[in-house]
Amino acid sequence: MAASASGDKAADDSLYPIAVLIDELKNEDIQLRLNSIKKLSTIALALGEERTRTELLPFLTESIYDEDEVLLALAEQLGNFIPLVGGPEYAMYLIPPLESLATVEETVVREKAVESLRTVAGQHSAQDLEVHLVPTLQRLVSGDWFTSRTSACGLFSVCYPRVSAAVKAELRNNFRTLCQDETPMVRRAAAGKLGEFAKVVEIEYLKSDLITMFVQMAQDEQDSVRLLAVEACVSIAQLLPQDEVELNVMPTLRQCVNDNSWRVRYMVAEKLTDLQKAVGQEITKNDLVSAFQFLLKDSEAEVRASAATKVTEFCSNLDKACQEQIIMTSILPCVKELVADPNQHVKSALASVIMGLSPIVGRNNTIEHLLPLFLVQLKDEWPEVRLNIISTLDCINDVIGIQQLSQSLLPAIVELAEDTKWRVRLAIIEYMPLLAGQLGQEFFNQKLRDLCFNWLNDHVYAIREAATLNMKKIVQTFGTQWAETNIINQILVMVKNSNYLHRMTCLFCINALADVCGADIIERLFLPTIKVLSTDPVANVRFNVAKTLQKLSPFLDQAAIDEHVKPILEKLNTDTDVDVKYFASEAMVGIADPPDSFNENCFRKPFNLYSTSLELLEISNSTVINNDHQCVFYQRVPFVTLSTLPSYRLAMLSPKFEDHETYSLEKAEDILLHGRFDKNKKTVMYFHGYIETPEVESVHVIADAYLKRADHNIIILDWAQLADGNYLLEAVPNCKKLGSYLGTVVLRMVNAGLDVNKLHLVGHSLGGQLAGYIGRTVISQSDKQIKLNRISALDPAFPPFYPGIFATALSSKDANFVDVIHTDAWLYGAPVSTGTADFWPNNGKTLQPGCPKRNYKLLTDNDLCSHRRSWWFWAESVAESNVPSFHSVRCKSWDDFKDGKVDRSAAVVQMGIDCSHDAKGDYYLQTNGASPYSKGVSGAKYE
């Protein structure tokens, strides 16, 4: 009996992993199902190789009916399963579940399944490939549903090189069948893989079979197929000799350059330099130069912008024997026209590369022809254009020299140093040390020094931080004697400033300059200033004094430490503020036990300390609320502490954006008593995003739209200082804390008479997630008795809200109606549906029409173009109150939208402010690439 019981127990134990998996996969909680899939490798190890093959994989094959997130995780996991099933000789067991996944409706799941199948194919022997994978490929090719046929296209290139001649012939015929498929989706997939397939096909079959397919696809009725044929053009041209390229490729390429669809011409522009390298110098000179001119003058801004980004690379690849002549006679005239292009994105794209022409054309041509163009772009009305030119000044400096540069461009540079856009100012700061070193002390003192001091008092933290580091680099260039005479005293005067942020900046400058100034200046000038700050009324300043003293101590001898440093720290160690005491004690320990060798990293860089204006601007019927808060970030405390300071400003109300009344959050209810506040109107609260201020373009555009509409009270929150700094460690925690606080403010306003049913929260990026926190607080603090009527999130921030491990994402439960506009999903914007109604214009991802290609620095205007497009869409919907706009239809996916598979049971709805509250689910539409963005009714049908 004991033996029998023991055997039963062993059997039960062996079944346990499968039983747990089955139980979790049937659970209603999608997160639990997702977690179980991610633990598949652990379950497979517990089962062993044989049971994984005979039990686990068949079970998974039969269970592929789940949410897309779960299936995506499964497809990814199976690609790594080869060691768990017994190695390459058993890899065929992974094919059935992956084949099933390759036929599902969701594109990303199919793509991941194909990727895993390609991995599995690489582990098969040639014999096993023909026995197991080729039949799978043929089943996919002959599948009834287009999804299987699209997946099949990705498997030809991995199978073809290792099979017999007879099977190769069959595969070529199969691929031809897919190229001629009646479904555009399949032809698109085949066109996308044609170049890859061409690389593994024998040259004779490339000429006889694949070039014919290439020509057919380039003439396809669907432009989405034709544009992918352009990509194949590059691969085919690389494989053919020059005479064959001229005969077989160039006629089709010329046709694509003149294609009626701007998308095809855009793809030619995108691939132009790759084509240039593939076809060789002779064809480039005879054909591609004229094609490039045509694209630079294209009627569509998107095409011109793409071509503009290729100007420098195309010119540098030209034959050196005729390079200058072609540039000056053929390319430069087009470039001069683009400098004055009516589209900002075209000018911005050109500005990002135009400086690169200087080394190619030489000094004289640069001074005569390019410098005037640079000056025009430095003064362009669009900040992105100015920023891109500034960011590449070093290219021209290397060619013409700093003297010529300063004479020609310096006046414009000085003007940009005070630009209203903080990113432009930041770029100028980064260029300042180079200017200083080249121009010398006298010129710097006369022309540039005051600018550097102005930056130290800038209202944007990123500017103050960069200006501090800028001072250090300039002192390294000019020396400590110059620093003591010209800048140190002016920095130390900031200790008397009434704004504690400026006193903090003084401390940060001391920290930065300590590395380059030496012990004498530290002891004579810095320590007395630090002693004054050690008695500062603001705790933030005092605990940073402790940290600063720890930083400075390695530069001082023991006598100076005993006389000056330790007494200050001992006093701070008895401070009434717990955090001041903490950092003082840390500093005392650090000084008592110094590191063997000093390193700048030994000093923990202080987190940003902000006195934040939380403003609600009233514009016409619009109000800004201002509440000065002290926000303290501690390295040991992952949240922000808010405490009210007794200062807030009031301004006279006017119908202009620039003039507004400010209110303390503690007196937010007073807004309802203002003469311009109309309780019969709806009230909108707008929340800007990360590293933004009320002065950014988005706030002005949104405010102007509501002013034009004239049927709302407008409240705009200024949380610029809290939305600044390190995104994950500072801005996101601030968002959570501030959201909870503002939720209580909203409840107070409701209790004072604000109609919650007329209140509408609108937020962009991190501001969208802030609105969610406010909504949840209102619900919880009112014991579920009060719920916001509507929240609209404009491309709500992605990390770290999805998955919501460290932060809770906006959801449909946060208000009665939550609508979300996605324009940059998976990059800066939310990757999944998160509201009652989610709108996915142009598939909701980068690149949005009209935005330049993402080949630029993070957080620049170019980089954020798609992310910002959401508030442009919203503002247009608000401003055009009498014109139905942004018509959208409900679909399961973008692929369905393109194929016309619309949910006919759902009404067509408008994306934006006039969205029906009956809308529910995912809605898709197309927009224009420039204002007006709405395509009206035609946007609800894919073109």
Enquirer: May I ask you to test the L492-V495 pair for a side-chain heavy-atom distance under 4.5 Å?
Expert: no

Enquirer: Quick one: does F453's side chain get under 4.5 Å of V493's, heavy atoms only?
Expert: no

Enquirer: How long is the span from the CG atom in L371 to the CG atom in N365, to the nearest 0.5 Å?
Expert: 11.5 Å

Enquirer: Kindly compute the distance separating CG (D575) from CG (L569), expressed to the nearest 0.5 Å.
Expert: 12.0 Å

Enquirer: Before giving the answer on side-chain contact (heavy atoms from CB on, under 4.5 Å), spell out for V353 and E313 the whole-Å C-alpha distance, their side-chain angles and the decisive distance to 0.1 Å.
Expert: CA-CA 9 Å; V353 299; E313 186 179 356; over 6 Å; no

Enquirer: I need the minimum non-hydrogen distance between A349 and T309, along with the two atoms involved.
Expert: CB-CG2, 3.6 Å

Enquirer: Is any side-chain heavy atom of T693 closer than 4.5 Å to one of H688?
Expert: no

Enquirer: Please examine the side chains of H369 and V361, heavy atoms only from C-beta on, and report whether any two atoms are closer than 4.5 Å.
Expert: no

Enquirer: T505 pairs by side-chain contact (heavy atoms from CB on, under 4.5 Å) with which of L456, I491, D458, I510?
Expert: L456

Enquirer: Check for a donor-acceptor pair, side chain of D724 on one end and backbone N or O of A720 on the other, with a separation under 3.5 Å.
Expert: no

Enquirer: Give me the atom names and distance for the closest heavy-atom approach of I354 to Q377.
Expert: CG2-OE1, 3.5 Å

Enquirer: Any idea which heavy atoms bring W871 and I702 closest together, and the distance?
Expert: O-CD1, 3.9 Å

Enquirer: Going through the distances and angles, do L742 and L717 end up as a side-chain contact (heavy atoms from CB on, under 4.5 Å)?
Expert: CA-CA 10 Å; L742 287 174; L717 175 73; 3.6 Å; yes

Enquirer: I'd like to check W482 versus I474 (side-chain heavy atoms, cut-off strictly below 4.5 Å). Are they in contact?
Expert: yes

Enquirer: side-chain contact (heavy atoms from CB on, under 4.5 Å) for R503 and V538? Distances and angles first, verdict last.
Expert: CA-CA 10 Å; R503 304 198 296 275; V538 178; 3.6 Å; yes

Enquirer: Rounded to the nearest 0.5 Å, how far does CZ of R464 lie from CG of L501?
Expert: 5.0 Å

Enquirer: Return the set of residues passing ring-ring contact (aromatic ring centres under 6.0 Å, His included) with H345 (not counting sequence neighbours), or none when no residue passes.
Expert: none

Enquirer: May I ask you to decide whether D577 forms a salt bridge with R542, counting only side-chain N to carboxylate O separations under 4.0 Å?
Expert: no

Enquirer: Looking only at side chains, do H867 and S765 share a donor and an acceptor under 3.5 Å apart?
Expert: yes

Enquirer: Calculate, to the nearest 0.5 Å, the distance between atoms OH and CD1 belonging to Y686 and I716 respectively.
Expert: 8.5 Å

Enquirer: Using 0.5 Å steps for rounding, measure from the OH atom of Y690 to the CG atom of L770.
Expert: 15.5 Å

Enquirer: Taking the side chain as C-beta and beyond, is there a heavy-atom pair between M588 and E570 under 4.5 Å?
Expert: yes

Enquirer: Which heavy atom in H764 sits nearest to a heavy atom in R868, and how many Å separate them?
Expert: CE1-CA, 4.2 Å

Enquirer: Report yes or no: does S316 contribute a side-chain atom to a donor-acceptor pair with the main-chain N or O of T312 at less than 3.5 Å?
Expert: yes

Enquirer: How about L572 and F583: do any of their side-chain heavy atoms sit closer than 4.5 Å?
Expert: no

Enquirer: For K566 versus I591, what's the shortest heavy-atom pair and its separation?
Expert: CE-CG2, 4.5 Å

Enquirer: Does Y727 reach the main-chain N or O of P799 with its side chain, forming a donor-acceptor pair under 3.5 Å?
Expert: yes

Enquirer: Shortest non-hydrogen contact from T535 to K571?
Expert: CG2-NZ, 3.6 Å

Enquirer: Output a table of donor-acceptor pairs, distance under 3.5 Å, between side-chain atoms of residues 516-534 and any protein atom two or more places apart or on a different chain; print 'none' if there are none.
Expert:
unit_1: D520; atom_1: OD1; unit_2: R524; atom_2: NE; d: 3.2
unit_1: D520; atom_1: OD2; unit_2: R524; atom_2: NE; d: 2.9
unit_1: D520; atom_1: OD2; unit_2: R524; atom_2: NH2; d: 3.0
unit_1: R524; atom_1: NH1; unit_2: E484; atom_2: OE2; d: 3.1
unit_1: R524; atom_1: NH2; unit_2: E484; atom_2: OE1; d: 3.1
unit_1: R524; atom_1: NH2; unit_2: E484; atom_2: OE2; d: 2.9
unit_1: T529; atom_1: OG1; unit_2: L525; atom_2: O; d: 3.2
unit_1: S534; atom_1: OG; unit_2: K531; atom_2: O; d: 2.5

Enquirer: Let me confirm one number: the OH-CG distance from Y741 to L722, rounded to the nearest 0.5 Å.
Expert: 11.5 Å

Enquirer: For R449, what residues pass the salt bridge (charged side-chain N to carboxylate O under 4.0 Å, His left out) criterion, not counting sequence neighbours?
Expert: none

Enquirer: Will you find, in the side chains of Q558 and D562, an N or O donor that is under 3.5 Å from an N or O acceptor?
Expert: yes

Enquirer: Heavy-atom distance under 4.5 Å between the side chains of T548 and F508, does that happen here?
Expert: no

